Amino acid sequence: MSFSDLFRKKPIGLILNDAAGYERESGGLRRSLTVFDLTALGIAAIVGSGIFATIGSAAASGGPAVALLFIFTAVACGFSALCYAEFASVIPLSGSAYTYAYASFGELFAWIIGWDLIIEYAIGNIAVAISWSDYFCGLMSGMGLHIPEFVSTDYVTALRGYYDGAAAIAHGSNLAQLAPAIQKSYLAWVNSPVVGGVHLIANIPAFAIVALISMLVYVGIYETKVAGNSMVILKVIVLLLVIAVGSFYIKPGNWTPFAPHGLTGVLKGVSGVFFAYIGFDAISTTAEECRNTRRDLPRAIIYSLIITTILYVLISMVLTGMVNYSELGVGDPLAFVFERIHMGRFAGFVSLAAIIAMASVILVFQVGQPRIWMSMSRDGLLPKAFSRIHPKFRTPSFATVVAGLFVAIPSLFMNFTEVTDLTSIGTLFAFVLVSGGVLILNPRGRRHRDGLFAREIRYTGDEQDESDKRYRMQDERPPTSRIPDPGSPIPDPASDIRHPTSEVTTKGFHVPYINSRYALPLVWAGVAAVLYFWNPPELRELGRLTNFTFDRDDLPLFLFIIAAVVLTIMGIVKKLSLIPVLGLLSSLFLMVHLGFTNWMRFLVWLLIGMTIYILYSRKHSRLRHPETGNRKSSIVNRQS
C-alpha cells in the first residue's frame, strides 16, 4: 500500500453511480420526508438537553452575556451549515460529513470523520439519555412515584457521591443538608444491592428510552417522522410559553452586570452552548429518504438553525432576567426558574416537555448513526452487514440494532459530564472538515457547472483510473442520459451518461461567493476594533505567547493562531470563498476553548479509530479493491 492510497478520493460521479446501483438492487430507503419534516427533524435534534440542561451552567459562568455566546455560536454553526447545505445539494446521499470528506479529502480522512461522527451521534446520545433519565425520575418523584436511586444513577457518580457525602457527614453535616445531587448519589450507593462485594448500580431509565426509540427507528422512517413531528410541535409550544410567561417576571436589574466574569466567563460556556446546537447536521443523514433532496435538505438545515437560534437567545434572556445568573447552575434551569417564583405546576409542565424534547433528540441521532455506518459499509470500510436493508421496513436493520446497543449499554454506567465535552469537540472537528471540503472542491464559489463539482463520470475504453477500471473524470458539458446497470457493456465514450439525479448540477444550493482577498482583511479589522475598545483582561494575558512561555492549556490557542494566519494568507492570495474560511476559523476557535484534556481524549479516540482502519478498513476498501465490491452479496437479505 502506497502513502498516496490513503488519500485516494472517491469521485462524486462514482459516489452517485454506486448509490444508484444500491438503490436498484435493494429498493433503497423509503422516500417520505418533505422540507417541513426535515426542518422538524433538525429542530428535534437541536432543541434538547442543551437548552433544558446545559444552558444553566453556561449562564452561571457567563451571566446574561451568554445570549451573545448563543449568537456567536449560531453564526459559527451557520457558516458550517451553509457548507453542509452545498454538499447535501451536490451529493444527496446518507453519509453526511463522511461522504463529503471522501469526495474532498480522500479515504483516510473519510474514515477519520466517520469514526469521529460516532462521538457526535452515539456518544452524544448517551449524554442525552442520561439527562433524560434525570428529568424523568424527577417528574416521577413529583407525582409521588419514587424510583430507587441505585437504578437511576451510574456507578461512578454513585461512588463519588458516596465519598463526598460520607466526608460531609463525618464533619457534622446530616443527609438532608447535602446537595441534592450528592444526596442522590450517596443513597444510591448505600441502598444498592451487593453481590460478591460489587454494588449493583445502573441507570435503567436511560437504557430503556434508548431501547424503545431504537425499536421505533428500526420499524421505519415514516413512523419516525410522525413521532418526531409530534414531539417537535409540543416542545416548540412549551418554549414559546416559557418565553411568554417568563417575560412577565423579568427584572431588568438581573441583567447587570451583563458579563460579570468577563470574556473568560462567557467562553466557559462554549461547550454547553455549542452542545445546544449539535444536531442540525444530523438531518443530512436522511438524504436518501427525502422526496426532493437537493431542494429540501439545504433549506431545512438553514431553517432549523435560524428557528432554534431565535428561541435560544430569547430563552437565555428570559432566564437571566427572571433570576440572578448565579442561581442557574442547576441541571433543570427552565423548571427551576418557575419553581423559584412559586409556579410549581408550570415547572412540572416544563419538566414533561423536557422529557419529550430529549426523547426527540435521541430519536434523530439514532436515525443518523446507522445511516453513516451504512454508507461506510457500502465503501467496504465496515463489514457488509452494516449496509443490509430490511426487506419490509426498508431501514438499515443491522446497523440500527448495533447503534441501539452501542448507546443503550454505556448509558447504564457512563457519566454525563465526561461525554458532553467530547461530543462538542468531535462535532466541531466534523464542521472543520466539511468547511475545508467546500474549499477544496469549490474554492472560489463557482456554480457547479464551472467548478470541480461539475465533473461528470464518463465510461471510457482507454484511460482508466486505478481505483475503478471503468470510470474517469472529465470536465465536459453536462450529459443527459442515465447510468447503465453495473456490469453492463461499456457504452461508446461519446454517448452522454450520468447519474439520474445529477441533472441539476447547475441548480440546487451553493454557498454565496464572497472574495476573501477583500472581505477577510475587513473581518479581521472588525475583530481587532472590537477587542481594542472592549480591551478584555484575557487579551493582555496573551502577550506571554509571543515569548513562547505558555502552559499546556495554551497549546490549542497557539495552534489556532498559526492556523488562522495560514488560512488568512491563503484566502487572500487564492481569493478563496469567505464563508467556508470563516466556518473553518470559527469552528477551530470554539475547539480551542474545550480544554487540553478534551483534546487528549479526542486524539486517543482517533488513534483507536486509526488502529481499526489499518487492521480492517484499508484492506477491504472497495475504492482500493473494486474487484471485491460485489454489492449483491452485501445489500439485503430478501428473505422475510
Side-chain angles (χ1 to χ4, degrees), residues 3-16 76 79-93 95-117 281 284 298 301 375 379 428-457 465 467 471-475 502 505-506 508-517 519-520 562-588 591 623:
F3 183 76
S4 61
D5 286 341
L6 297 175
F7 302 97
R8 185 181 297 277
K9 301 175 184 178
K10 189 172 184 180
I12 293 175
L14 179 55
I15 293 173
L16 298 176
F79 296 139
S80 299
L82 292 173
C83 296
Y84 267 95
E86 175 156 334
F87 267 123
S89 181
V90 177
I91 311 177
L93 302 176
S96 186
Y98 159 76
T99 302
Y100 310 156
Y102 216 151
S104 52
F105 290 99
E107 182 174 284
L108 178 61
F109 278 98
W111 167 262
I112 290 174
I113 197 62
W115 181 253
D116 167 71
L117 287 175
D281 57 309
S284 62
I301 290 174
S375 297
D379 294 324
L428 283 167
F429 183 70
F431 289 2
V432 166
L433 286 189
V434 170
S435 299
V438 170
L439 285 177
I440 290 176
L441 291 180
N442 202 9
R444 298 188 182 179
R446 293 171 178 167
R447 281 284 190 177
H448 302 153
R449 175 183 307 184
D450 303 318
L452 291 174
F453 281 169
R455 293 183 176 180
E456 304 294 338
I457 289 297
D465 187 273
S467 64
Y471 312 121
R472 72 180 175 89
M473 299 293 286
Q474 292 181 340
D475 280 312
S502 297
T505 50
T506 60
F509 179 85
H510 71 289
V511 174
Y513 176 68
I514 303 174
N515 193 336
S516 288
R517 171 168 293 183
L520 199 53
I562 295 175
V565 171
V566 172
L567 279 172
T568 300
I569 294 174
M570 291 180 62
I572 293 173
V573 172
K574 297 189 176 183
K575 302 180 182 179
L576 299 178
S577 179
L578 178 68
I579 289 177
V581 171
L582 293 180
L584 270 169
L585 290 173
S586 56
S587 296
L588 288 171
M591 290 178 73
L623 185 63

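Quantities reported herein were computed from a predicted structural model and do not represent experimental measurements.
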Participant: For the CD1 atom of Ile112 and the CG atom of Asp116, what is their distance to the nearest 0.5 Å?
Facilitator: 9.0 Å
Participant: Do Arg517 side-chain atoms and Val573 backbone N/O form a donor-acceptor pair below 3.5 Å?
Facilitator: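 Yes; at least one donor-acceptor contact below 3.5 Å.
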Participant: Atom CG of Leu576 and atom CD1 of Ile440: how far apart are they, to the nearest 0.5 Å?
Facilitator: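 The distance works out to 10.5 Å.
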Participant: Can you see which heavy atom on Leu578 is nearest to which on Ala519, and at what distance?
Facilitator: CD2-CB, 3.5 Å
Participant: For the side chain of Lys9 and the backbone of Ser104, is there at least one donor-acceptor N/O pair under 3.5 Å apart?
Facilitator: yes
Participant: What is the ring orientation for Tyr100 with Tyr84, classed by angle as parallel under 30°, tilted 30 to 60°, or perpendicular over 60°?
Facilitator: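 Judged by the thresholds at 30° and 60°, the geometry between Tyr100 and Tyr84 is perpendicular.
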Participant: For Ala103, give me all partners under side-chain contact (heavy atoms from CB on, under 4.5 Å), at least two apart in sequence or on another chain.
Facilitator: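 By the side-chain contact (heavy atoms from CB on, under 4.5 Å) rule, Ala103 matches Ile12, Ile15, Ile91, Leu441.
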Participant: State which residues pass side-chain contact (heavy atoms from CB on, under 4.5 Å) with Ser587; sequence neighbours excluded, sorted by chain then number.
Facilitator: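 Checked Ser587 against side-chain contact (heavy atoms from CB on, under 4.5 Å); matches are Ser80, Leu428, Phe431, Val432.
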Participant: Excluding sequence neighbours, so at least two apart, what forms ring pair (Phe, Tyr, Trp, His ring centres under 6.0 Å) with Phe429?
Facilitator: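 Ring pair (Phe, Tyr, Trp, His ring centres under 6.0 Å) list for Phe429, sorted by chain: Phe602.
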Participant: Let me confirm one number: the CG-OG distance from Leu567 to Ser435, rounded to the nearest 0.5 Å.
Facilitator: 10.5 Å
Participant: Heavy atoms, side chains only, cut-off 4.5 Å: are Leu582 and Leu520 in contact?
Facilitator: yes
Participant: Does Pro580 have any side-chain contact (heavy atoms from CB on, under 4.5 Å) partners at least two apart in sequence or in another chain, and if so, which?
Facilitator: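 Pro580: side-chain contact (heavy atoms from CB on, under 4.5 Å) contacts with Cys83, Val438, Leu439, Val511, Ser577.
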Participant: Using every non-hydrogen atom in the two residues, find where Ala101 and Ala110 come nearest and quote the distance to one decimal.
Facilitator: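 Heavy atoms of Ala101 and Ala110 come nearest at CB-CA, 4.0 Å.
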Participant: Decide side chain to side chain donor-acceptor pair (under 3.5 Å) for Tyr98 and Asp379; before the verdict, give the C-alpha distance in whole Å, the side-chain angles of both, and the deciding distance to 0.1 Å.
Facilitator: CA-CA 11 Å; Tyr98 159 76; Asp379 294 324; 2.6 Å; yes
Participant: Can you tell me how far the CG atom of Asn515 sits from the CD1 atom of Ile572, to the nearest 0.5 Å?
Facilitator: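 Atom-to-atom, Asn515:CG and Ile572:CD1 are 10.0 Å apart.
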Participant: Looking only at non-hydrogen atoms, find the nearest pair between Ala430 and Leu117 and report the distance.
Facilitator: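 So the two residues come closest at CB-CD2, 3.9 Å.
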Participant: When rounded to the nearest 0.5 angstrom, what is the spacing between NZ in Lys575 and OH in Tyr513?
Facilitator: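 Rounded to the nearest 0.5 Å, the NZ-OH separation comes to 7.0 Å.
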Participant: Can you sort out the partners of Ala564 under side-chain contact (heavy atoms from CB on, under 4.5 Å), two or more places apart, ordered by chain and number?
Facilitator: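 Testing Ala564 for side-chain contact (heavy atoms from CB on, under 4.5 Å), a comparison that skips the adjacent residues, returns Trp524, Phe560, Leu585.
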Participant: When rounded to the nearest 0.5 angstrom, what is the spacing between CE in Met570 and OG in Ser516?
Facilitator: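 Taking CE in Met570 and OG in Ser516, the distance rounds to 10.5 Å.
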Participant: Using the side-chain hydrogen bond (donor to acceptor under 3.5 Å, both in side chains) criterion, which residues pair with Tyr102? Sequence neighbours excluded.
Facilitator: Glu107
